[in-house]
Amino acid sequence: HDIYRCRKCKVAVWSDYGHRPQIRFVRVGTLDDPSALRPDIHIYTRSKVPWVRLPKRTPAFRNYYDPKKVWPKKSLERLKTALAGC
């Protein structure tokens with residue numbers, strides 16, 4: 001995948017997985033107000049530091065997950081529509 005970084009500070013801002021311009025993965029921490037969006041899932045938790053506490057109500061996976069089993073139906077439909085333009 002391609003990672004796009006700030007030219008000035010080099011922090012990763014967003015990613016493109018599979019060269020699909022209609023889908024971008026923005027890193028919430030780079031937004032002006034990252035608190036406006038709460039995580040709805042946590043991935044790769046096997047590598048988190050022990051002092052980080054994840055909310056019990058938010059799904060967490062040691063590795064990645066199968067979106068077809070986890071994502072809401074409407075989210076899967078939006079993804080399908082976006083990928084149809086590939």
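All figures in this text were calculated on a predicted structure; none of them were measured in a lab.
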Nearest-0.5 Å distance, CG of residue Leu76 to NZ of residue Lys69: 13.0 Å
Single-linkage hydrophobic cluster Tyr64~Ile3, side-chain heavy atoms < 4.5 angstrom: no
Under 3.5 Å side-chain donor-acceptor pair for Arg78 and Thr81: no
From CA spacing to verdict: side-chain contact (heavy atoms from CB on, under 4.5 Å), Ile43, Tyr65: CA-CA 8 Å; Ile43 57 174; Tyr65 60 94; 3.4 Å; yes
Minimum heavy-atom distance His42-Pro55, with the two atoms named: NE2-CD, 3.7 Å
Hphob cluster co-occupancy, Val28 + Leu54, side-chain heavy atoms under 4.5 angstrom: no
Linked, directly or transitively: Ile23 and Leu31 (ILVMFWY side chains, under 4.5 Å): no
Shortest non-hydrogen contact between Thr58 and Pro39, atoms and distance: CG2-O, 3.8 Å
Within-4.5 Å side-chain heavy-atom neighbours: Asp2 and His19: yes
Sequence-distant partners of Tyr4, ring pair (Phe, Tyr, Trp, His ring centres under 6.0 Å), two or more places apart: Trp14
Whether Lys48 side chain and Val52 backbone form a donor-acceptor pair below 3.5 Å: yes
Same apolar cluster: Val26 and Val11, side chain cutoff 4.5 Å: yes
Closest non-hydrogen atom pair between Pro34 and Gly29, with its separation: CB-CA, 4.0 Å
Donor-acceptor pair between His1 and Asp16 side chains, under 3.5 angstrom: no
Connected via hydrophobic side-chain network under 4.5 Å: Ile41 and Tyr17: yes
side-chain contact (heavy atoms from CB on, under 4.5 Å) evaluation trace for Leu83 with Arg20: CA-CA 8 Å; Leu83 293 176; Arg20 296 175 292 199; 3.4 Å; yes
Test side chain to side chain contact (heavy atoms under 4.5 Å, CB included) applied to Arg46 - qualifying residues, sequence neighbours left out: Tyr44, Arg62, Asn63
Sub-4.5 Å side-chain heavy-atom contact between Arg27 and Ser15: yes
